[in-house]
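Structure record follows, encoded as structure tokens.
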Amino acid sequence: MPIGARPDGSLVVLDAGRVWSVRDGHASALTDTAGAADGLGPGIVGGAGTAYVVPAGKNRLDAVRVVPPAGRTHALHVTGHLPGGSAPVSGLEVYTLAPAGDGFYATAGIPDGAATYLIRVHGTAADVLAAFGAPGKATTCAAGHPYPALGNPCVMPYFALPLGERVLLVGQSAGQAPGPALAVRATAPPGA
């Protein structure tokens, strides 16, 4: 599965539990076979060429594998807390990833399903851009109306699409009622 291209023109591909670089007809393994038994989940390549990959079955934010263009693959280490408390963002379960310049956006949720979030990870910091209630208790919101970013009553759309100063949230997971797309500022709201 191709997940993006690096600035040097190489294509980054997930296959057989490894991350590969493909360029000019030659493939090079970027990771060892340590994750081969579990497989790999979603992944993306950021603007600087760093790949971020979620190991299958280990979808917490702190389990995301960072594959830099130079250097060793390592687990993601981020700081940041969820709004209104001291719970760290590192314990969120990652659903989807999207590139964000020097990092990535992730749709993620609390493991017990009590809340869902749009976060932006850059370097070792993670900012919550939007917070949604439990999917089973959230409402299907009407299009064309503003909603608060950190206390959003809507069902969180499943995919994040970066669009300059905004992130467009679209689509739904299986079993969710269709809802409108939501546009969120690409920077953390005041007080986040």
Side-chain angles (χ1 to χ4, degrees), residues 3-4 41-54 59-64 66 76-192:
I3 61 169
I44 57 97
V45 176
T50 299
Y52 301 93
V53 182
V54 179
N59 58 343
R60 284 175 38 130
L61 187 59
D62 58 7
V64 169
V66 179
L76 180 67
H77 298 287
V78 293
T79 60
H81 293 86
L82 299 176
S86 61
V89 296
S90 59
L92 293 175
E93 290 183 352
V94 176
Y95 305 142
T96 65
L97 300 174
D102 64 343
F104 62 90
Y105 297 104
T107 59
I110 294 176
D112 67 4
T116 55
Y117 302 91
L118 170 65
I119 60 171
R120 181 174 187 266
V121 174
H122 48 99
T124 60
D127 298 321
V128 175
L129 303 182
F132 301 81
K137 296 180 181 178
T139 61
T140 301
C141 294
H145 298 282
Y147 297 98
L150 295 180
N152 198 307
C154 308
V155 171
M156 182 182 79
Y158 199 65
F159 299 100
L161 302 169
L163 295 171
E165 297 293 317
R166 303 229 183 257
V167 179
L168 186 62
L169 293 169
V170 298
Q172 65 274 346
S173 64
Q176 274 185 329
L182 297 173
V184 177
R185 287 191 183 118
T187 56

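Taken to the nearest 0.5 Å, the CG atom of Asp102 stands 9.0 Å off from the OG1 atom of Thr50. Between atom CG of residue Leu129 and atom CZ of residue Arg120 there is a gap of 8.0 Å, rounded to the nearest 0.5 Å.
At a threshold of 4.5 Å between non-hydrogen side-chain atoms, the residues Phe132 and Leu182 count as touching. Ile119 has its side chain within reach of Leu92: a pair of non-hydrogen atoms, C-beta onward, lies under 4.5 Å apart. A heavy-atom distance below 4.5 Å is not found between the side chains of Asp62 and Leu76. At least one side-chain heavy atom of Val184 sits less than 4.5 Å from a side-chain heavy atom of Leu169.
For the residue pair Phe159 and Gly171, the shortest heavy atom distance occurs at CD1-CA, 4.4 Å. The minimum heavy-atom distance linking Pro99 with Val45 is given by the pair CB-O, 3.7 Å. The minimum heavy-atom distance between Ala106 and Val94, with the atom names listed, is CB-CG1, 4.4 Å. In this structure, Tyr105 and Pro162 approach most closely via the heavy-atom pair CE1-CB, 3.8 Å. Residues Val89 and Ala126 approach most closely at CG2-CB, 3.4 Å, considering heavy atoms. Of all the heavy atoms in Val167 and Ala160, the pair that sits closest is CG1-CB, 3.8 Å.
Judged by distance alone, the side chains of Thr107 and Thr96 do bring a donor and an acceptor atom under 3.5 Å apart.
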Between Tyr147 and His145, is a side-chain contact (heavy atoms from CB on, under 4.5 Å) present by the stated rule, with each step listed? CA-CA 7 Å; Tyr147 297 98; His145 298 282; 3.7 Å; yes
In sequence, state the C-alpha distance, the side-chain angles, and the governing distance for Arg185 and Arg166, and then conclude on side-chain contact (heavy atoms from CB on, under 4.5 Å). CA-CA 4 Å; Arg185 287 191 183 118; Arg166 303 229 183 257; 3.2 Å; yes
Using the side-chain contact (heavy atoms from CB on, under 4.5 Å) rule, take Val78 and Thr124 through it: C-alpha gap first, then chi angles, then the decisive distance, then the call. CA-CA 4 Å; Val78 293; Thr124 60; 5.5 Å; no
So Val53 and Val64, side-chain contact (heavy atoms from CB on, under 4.5 Å) or not? Walk me through it. CA-CA 6 Å; Val53 182; Val64 169; 6.0 Å; no
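Take Asp127 and apply the side-chain hydrogen bond (donor to acceptor under 3.5 Å, both in side chains) test, not counting sequence neighbours, and it matches His122.
The aromatic rings of Tyr52 and Phe104 sit tilted relative to each other, their planes meeting at an angle between 30° and 60°.
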